[in-house]
Novice: 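Sharing a structure here in structure tokens format.
FYI, side chains are in, hydrogens and waters are out, and symmetry mates aren't considered; it's all heavy atoms of this structure.
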Amino acid sequence: IMALCTAIQGMKRPCTLQTLNLCCNKVGPSAAQLGLALPKLPFLRELNLANAYLEPTPQLLELCKSLAGTRSLCNVSFANNPGLKDNGVTTICESLVNLRTLRYLDLTDTGMTAAS
């Protein structure tokens, strides 16, 4: 994940990539690096972070801050990340609440309770 993020960050021009599927990869520790790469993906419409070992960490917060600044993101999946729990889901939702382009948010099996 780090190599991918570094390559994206090093691009001289924005990338036209529209879908990024990182499902079933250990993104968790690299979430902040992914967040730093997002500004180079201005046309990104779909981001799949299902089963990506995400937890409520400072790295997740940095990723969410970057997601909040995207202009074209429509579909995001955080499914099957049971370590997120209430704190992680709250961080995600607070970051994405003003994202006008968002149409689909998958929070299946994130360990959240009724408190979220």
Side-chain angles (χ1 to χ4, degrees):
I1 300 299
M2 292 295 287
L4 172 66
C5 294
T6 301
I8 293 171
Q9 288 175 36
M11 298 171 112
K12 299 215 185 299
R13 288 183 274 171
C15 180
T16 59
L17 184 72
Q18 292 185 15
T19 300
L20 182 57
N21 185 351
L22 296 173
C23 177
C24 301
N25 286 287
K26 293 186 178 180
V27 174
S30 307
Q33 289 298 329
L34 177 58
L36 293 173
L38 286 177
K40 292 286 188 163
L41 303 173
F43 302 103
L44 190 66
R45 296 178 56 79
E46 298 181 40
L47 179 61
N48 186 350
L49 295 172
N51 199 22
Y53 300 86
L54 296 172
E55 295 180 345
T57 62
Q59 291 84 359
L60 176 67
L61 180 59
E62 290 304 313
L63 170 62
C64 288
K65 286 179 185 176
S66 293
L67 287 174
T70 62
R71 299 194 192 314
S72 59
L73 198 59
C74 297
N75 302 323
V76 183
S77 177
F78 288 96
N80 302 317
N81 284 290
L84 285 173
K85 304 203 182 316
D86 290 331
N87 288 341
V89 170
T90 298
T91 297
I92 292 165
C93 291
E94 287 175 350
S95 297
L96 300 180
V97 70
N98 293 318
L99 190 60
R100 293 179 181 245
T101 57
L102 189 65
R103 299 292 176 255
Y104 177 79
L105 176 61
D106 189 351
L107 297 172
T108 305
D109 189 27
T110 53
M112 71 174 148
T113 65
S116 291

Novice: Once rounded to the nearest 0.5 Å, what's the spacing between atom CD of Gln9 and atom CE of Met2?
Specialist: 8.0 Å
Novice: To the nearest 0.5 Å, tell me how far Leu44 CG sits from Thr16 OG1.
Specialist: 11.0 Å
Novice: Cut-off 3.5 Å, side chains only: do Thr57 and Glu55 have a donor facing an acceptor?
Specialist: no
Novice: Decide whether Leu63 and Leu96 are clustered together by the hydrophobic rule: side chain heavy atoms of Ile, Leu, Val, Met, Phe, Trp, Tyr closer than 4.5 Å, transitively.
Specialist: yes
Novice: Which heavy-atom pair separates Ala68 from Ser95 by the least distance, and what is that distance?
Specialist: CB-O, 3.0 Å
Novice: Determine whether Leu34 and Leu17 fall in the same hydrophobic cluster, where Ile, Leu, Val, Met, Phe, Trp and Tyr are linked whenever their side-chain heavy atoms lie under 4.5 Å apart.
Specialist: yes
Novice: As an exercise, state the distance from OG1 of Thr6 to CD1 of Ile1, rounded to the nearest 0.5 Å.
Specialist: 11.0 Å
Novice: Is the backbone N or O of Asn81 less than 3.5 Å from a side-chain atom of Thr110, with the two atoms forming a donor-acceptor pair by type?
Specialist: no
Novice: Write down the atom of Leu49, the atom of Ala52, and the distance for their closest heavy-atom approach.
Specialist: O-CB, 3.2 Å
Novice: How close do Leu54 and Ala31 get, counting heavy atoms only, and between which atoms?
Specialist: CD2-CB, 4.3 Å
Novice: Nearest 0.5 angstrom please: Leu84 CG to Met112 CE, how far?
Specialist: 9.5 Å
Novice: Looking only at heavy atoms, what is the nearest atom pair of Leu102 and Cys74, with distance?
Specialist: CD1-O, 3.4 Å
Novice: Would a 4.5 Å heavy-atom cut-off, applied to side chains only, mark Leu99 and Leu67 as touching?
Specialist: no
Novice: Please tell me if the side chains of Asn25 and Ser30 come closer than 4.5 Å, counting only heavy atoms from C-beta onward.
Specialist: no
Novice: Any side-chain hydrogen bond (donor to acceptor under 3.5 Å, both in side chains) pairs touching residues 66-80, not counting sequence neighbours?
Specialist: none
Novice: Please find the pair of heavy atoms, one from Leu41 and one from Cys15, that lie closest to each other, and give the distance.
Specialist: CD2-CB, 3.7 Å
Novice: To the nearest 0.5 Å, how far apart are CG in Asn48 and CG in Asp106?
Specialist: 8.5 Å
Novice: According to a hydrophobic-cluster definition based on side-chain heavy atoms being under 4.5 Å apart (Ile, Leu, Val, Met, Phe, Trp, Tyr only), do Leu61 and Val76 belong together?
Specialist: no
Novice: Rounded to the nearest 0.5 Å, what separation is found between the CG atom of Leu36 and the NZ atom of Lys65?
Specialist: 11.0 Å
Novice: Checking Leu4 now: which residues fulfil side-chain contact (heavy atoms from CB on, under 4.5 Å) with it, not counting sequence neighbours?
Specialist: Ile8, Leu20, Leu22
Novice: Locate the shortest heavy-atom distance separating Pro29 from Gln59; write the atom from each residue and the value.
Specialist: O-CG, 4.0 Å
